2 protein chains.
Amino acid sequence: MSQPNATVLPAATVSRLPGYLRVLHEAEDSGVEVISSVALATRAGVHPALLRRDLSQLGSYGTRGVGYDVDTLIREIGRVVGDRLTWPVVIVGVGHLGQALAHHEVLRERGFELAGLVDSSPELIGSTVAGVPIRPPDELAAVVARGRAVIGVITTPAGQAQGVADALVDAGIRRILNFAAQPLEVPATVTVRGVDLTGEMQVLVYHEIHEG
Amino acid sequence: MSQPNATVLPAATVSRLPGYLRVLHEAEDSGVEVISSVALATRAGVHPALLRRDLSQLGSYGTRGVGYDVDTLIREIGRVVGDRLTWPVVIVGVGHLGQALAHHEVLRERGFELAGLVDSSPELIGSTVAGVPIRPPDELAAVVARGRAVIGVITTPAGQAQGVADALVDAGIRRILNFAAQPLEVPATVTVRGVDLTGEMQVLVYHEIHEG
DNA sequence: GCGTGTGAACAGATTCACAGCT
DNA sequence: AGCTGTGAATCTGTTCACACGC
């Protein structure tokens, strides 16, 4: 009995779905039609029981004694994370990291489209990166509107991050990926995912110090 | 009673320590000498009770009725995550993302030093990025040894990630930051942190689809 | 027989609420 | 009076182990 999604999915489950989808796309490309929880979980780096529980949250798409139909699962997980649709993205802060993301091929392959670039530095404004012109901060709302952007990426120095977040929210953006270490304050309707590169490195250092 | 660290810290605590340290450095710079759990927690984006529990794991460095001494806390957290020491890093995969990390000023400021660059593309080998020459994959072990690298960063396409991880481990690296979506198989003595940019974006899309 | 789906047990992380120190 | 440190309660997430359907 499939239960489309009356319920909200647990955050931990949501964070693993992209990984499952990636493995499924690989399987599809190699012509695999059915995959077991053990095979899929192993390749996605999770415990098989956890995978089964995650998938059962989406509905009952497996066949007992057989496994999961790869196409069905791609369709159902894809529906949940918006695969096969196009998601316009604005990047604010066109330093090295912002430029790298602007060029990042993998994002394009998964449906993310560079809808606009914003930076405050006069040397950058007017030039283009990945074929997209860099606009000044006071045009942020216009850039978001013109590109119909749905996701904002913050790759500015930490000190500017909160101001940029405020401006993005004012411009109607409700999903933000933040690369500044600064935690952002936003209204409850806005989702922020933070990636703290320095923090990740320091966690590695913790392990280096405390393990052989 | 301080209990240096007989026990291993919970993973969740470790992942928050860099954030606390950042706020503390800011406070230090503005001349603040004592800070309460509420002030520190708010700025770090966590619940005050959680902050207090995290800090109490390191030992008892606060004063009841007063708060935490900023310098003491910087010293103690810094000891745990290796602040004020230099950590040489090798980056494998000098595409846009690898180059961005090579130039990333914030990492340098926190003690991470670019010890080597490796890439398989003949056009890149021999050229330099951020003042460091790019070497071919078969010189990886030599690059690690010469630079005394302790951390390996993988910014290659997904298909090469596992091979690079194997080579890094063979070269003696035991801490890896992996930007490829591919989950890595490594010996139990090796720590891997994964950053999946596409996955993060897809999680944002999930929210976009399922919330107003 | 095989592999999914899931109740129940377990583990980990967070928050509450207050005792205890300054 | 104020704020830390922490037992107890709660919430979230993971694994076990097996009933159930193919």
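Only a predicted model underlies this, so the values are computations on that prediction, with no experimental measurement involved. Naming convention: chains lettered A, B, ... in sequence-line order (proteins, then strands); numbering from 1 in each chain.
Of the candidate nucleotides C/dG5, D/dT14, C/dC16, C/dG5 has the atom lying nearest to any side-chain atom of A/Tyr68. Which of C/dT4, C/dT15, D/dT6 sits closest to the side chain of A/Ser36 comes down to C/dT4. Checking D/dC16, D/dG5, D/dC22 against every side-chain atom of B/Ser56, the shortest atom distance belongs to D/dG5. Across D/dT6, C/dT4, D/dG13, the shortest atom-to-atom separation from the side chain of A/Arg52 is found for C/dT4.
If you check distances only, the side chain of A/Arg53 never reaches the base of D/dT14 with a donor-acceptor pair under 3.5 Å. Judged by distance alone, with hydrogens and angles left aside, A/Arg64 brings no side-chain donor or acceptor close enough to the base of C/dG1 to form a pair under 3.5 Å. A donor-acceptor contact under 3.5 Å is not formed by the side chain of A/Arg16 with the base of D/dG13.
Counting only N and O atoms by type, the side chains of A/His25 and A/Arg110 include a donor and acceptor under 3.5 Å apart.
What separates CG of A/Leu40 from C1' of C/dT4 is a distance of 13 Å, to the nearest Å.
Within the 4.0 angstrom heavy-atom criterion, no nucleotide atom of any strand lies near A/Pro48.
Within the model, atoms OH of B/Tyr61 and CG of B/Asp71 stand 14.5 Å from one another, a figure rounded to the nearest 0.5 Å.
Of the residues near DNA chain D, A/Ala11 and A/Val66, the one whose nearest nucleotide (by heavy atom distance) lies more toward the 5' end is A/Ala11. Both A/Gly65 and B/Val38 lie near DNA chain D, and the one whose nearest nucleotide falls closer to the 5' end is B/Val38.
Phosphate proximity of C/dA13 to B/His47: absent, as no side-chain N or O sits under 4.0 Å from OP1 or OP2. Taking 4.0 angstrom as the limit, A/Ser37 places none of its side-chain polar atoms (N or O) nearer than this to OP1 or OP2 of C/dG3. Taking 4.0 angstrom as the limit, B/Thr63 places none of its side-chain polar atoms (N or O) nearer than this to OP1 or OP2 of D/dT4.
Evaluated for a side-chain contact (heavy atoms from CB on, under 4.5 Å) with A/Ile176, the options A/Ile151, A/Val92, A/Leu168 yield exactly one hit, A/Leu168.
The two residues A/Val150 and A/Ile173 make their nearest non-hydrogen contact at C-CD1, 3.8 Å.
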